[in-house]
Each structure stands twice: as structure tokens, then as C-alpha cells.
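Quick caveat, the model's predicted, so the values are computed rather than measured.
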Amino acid sequence: MIKKINKWAKQNDYPIEAVNWRVAAGPTAQYVFWLRIILLIGVFVILFAGLIVVTNTLVINVLDRTKEIGTMRALGANKRNIAFLCMSETLILTILSAFLSCFVSIIVVFIMKKFPITLNNPFFEQLFGGKNLIPQLTFSSLFLGFLISILIGLVSWIMPVIEALKILPIKAMKGGK
């Protein structure tokens with residue numbers, strides 16, 4: 001649309017130029033836009049760190065059960081059974097923690113709506129769109145958070161399963177890791 005308006009203005013010799021709203025609003029709006037992008041990148045870094053922590057915890061959990069996994073393998077459990085057990089445990093923990101985090105989010109938003117945070121800095125007022133910081137919780141944001149939790153849990157499941165499937169029954173029975 002901006003290109004069409006600028007083309008039309010040039011054809012009719014009008015001394016105007018159409019720009020998007022960020023350019024028209026000036027450097028402050030552009031600064032706030034880039035700050036929001038940086039904060040969003042920070043959220044993804046935190047999610048990635050959470051993925052690493054969850055994966056590490058699950059790998060340690062599998063390594064602590066080397067004898068048990070080795071015994072199951074010696075009694076006839078194949079790699080598919082071991083993978084299914086690890087996946088089931090991870091999925092149950094993931095779903096329970098996702099529901100718990102959604103419940104806690106609802107409580108925190110309810111409390112913050114009753115007692116909003118007042119912003120005294122004009123920059124923060126512009127960044128958050130008002131003088132009071134009042135979070136909004138929608139079904140779509142809850143659902144997205146739930147899906148991200150499930151996705152992190154499922155991705156975190158891969159490494160522990162690889163480690164569990166490497167366990168040889170004879171080595172595990174001897175107590176090796």
C-alpha cells in the first residue's frame with residue numbers, strides 16, 4: 001500500500017511520501033520496537049536454557065537407573081520397550097508440569113489484576129502501553145504455553161532415550177555406567 005501511494009504521489013507530482021507507522025512515529029517508537037524484539041529473543045534464550053536443563057535432568061535420571069534398565073533388558077525388554085517407558089515417564093511429567101504452570105499463571109495474573117504494578121518511568125509506560133502493568137491472559141496464550149511445555153518435554157526426551165538404549169544388560173548387571 002505504501003508503494004502504491006508513493007507511486008501515485010510521484011505520478012501526480014505531490015510532494016509527499018508515505019511511510020510505515022514506525023518511521024512516522026520517530027526514533028522512540030523504533031527504539032521500543034527493537035527493545036521488544038530483544039526481549040523476545042531473551043525469552044527464546046530462556047526457553048532454550050530450560051530445554052538444556054530438562055534434558056540434562058532426564059539424562060541423569062536415566063543414568064541413575066542403569067542397573068534397572070539393564071535388568072529389564074536382561075529379562076527380555078527390547079529397546080522399543082525401554083524407549084516407551086522413558087517416553088511415558090517424560091510425557092506424564094511434562095503434562096503435569098504444563099497443567100501446573102497454566103494454573104500458576106492464572107493465579108499470578110489474577111493477583112496482578114487485583115494489585116497492578118504502577119510504572120513511574122515514561123519509557124516503561126511506552127514500552128508496556130500504559131501507566132499500570134496489568135497482564136492479560138487469553139485462552140490462546142495459555143494453550144500456546146501448554147504446547148511449548150509439551151514440545152520442550154518431547155524434545156528433551158530424545159537424549160535420555162539414546163542414553164538408555166546404549167545400556168548393555170551385562171554391563172549394567174555388573175554395576176557399570
Using residues 147-166 as the side-chain source, report each donor-acceptor pair under 3.5 Å to any protein atom, sequence neighbours left out, with the distance given to one decimal.
from, atom 1, to, atom 2, distance (Å)
Ser149, OG, Gly145, O, 3.0
Ser156, OG, Thr55, OG1, 3.3
Ser156, OG, Ile152, O, 2.7

Nonpolar side-chain network containing Ile106, other nodes, edges under 4.5 Å: Val109, Leu137, Leu142
Considering all heavy atoms, the nearest Ile5-Ala18 contact: CG2-CB, 3.7 Å
Partner set under side-chain hydrogen bond (donor to acceptor under 3.5 Å, both in side chains) for Asn132, not counting sequence neighbours: Thr118
Arg73: partners by salt bridge (Lys or Arg N to Asp or Glu O under 4.0 Å), with sequence neighbours left out: none
Where at least one partner belongs to residues 51-101, residue pairs that pass ring-ring contact (aromatic ring centres under 6.0 Å, His included), sequence neighbours excluded: Phe99-Phe146
Residues that Trp8 engages under ring-ring contact (aromatic ring centres under 6.0 Å, His included), provided they are two or more places apart: Tyr14
Members sharing Ile107's hydrophobic cluster (side chains within less than 4.5 Å): Phe103, Ile111, Phe115
hydrophobic_cluster_shared for Val53 and Leu58, side chain cutoff 4.5 Å: no
NZ (Lys113) with more than 12 external heavy atoms under 6.0 Å: yes
Contacts of type side-chain hydrogen bond (donor to acceptor under 3.5 Å, both in side chains), residue Ser141, not counting sequence neighbours: Thr138
Student check: side-chain heavy atoms of Cys86 and Val62 closer than 4.5 Å: yes
Spacing of CE belonging to Met1 relative to CG belonging to Asn20, to within rounding of 0.5 Å: 14.0 Å
Met72 and Ile69, any side-chain heavy atoms less than 4.5 Å apart: yes
Verify same cluster id: Leu51, Val54 (apolar side-chain graph, 4.5 Å): no
Connected hydrophobic set around Ile46, excluding itself, where side chains approach under 4.5 Å: none
Give every donor-acceptor pair under 3.5 Å between a side-chain atom in residues 37-45 and any protein atom, sequence neighbours left out.
none

Lys131: side-chain hydrogen bond (donor to acceptor under 3.5 Å, both in side chains) partners, not counting sequence neighbours: Glu125
Separation of Leu133 CG from Met112 CE (nearest 0.5 Å): 4.5 Å
Pairs meeting criterion side-chain hydrogen bond (donor to acceptor under 3.5 Å, both in side chains) with involvement of residues 80-95, two or more places apart: Asn61-Glu89, Arg65-Glu89, Asn78-Asn81
Hphob cluster co-occupancy, Phe143 + Ile95, side-chain heavy atoms under 4.5 angstrom: no
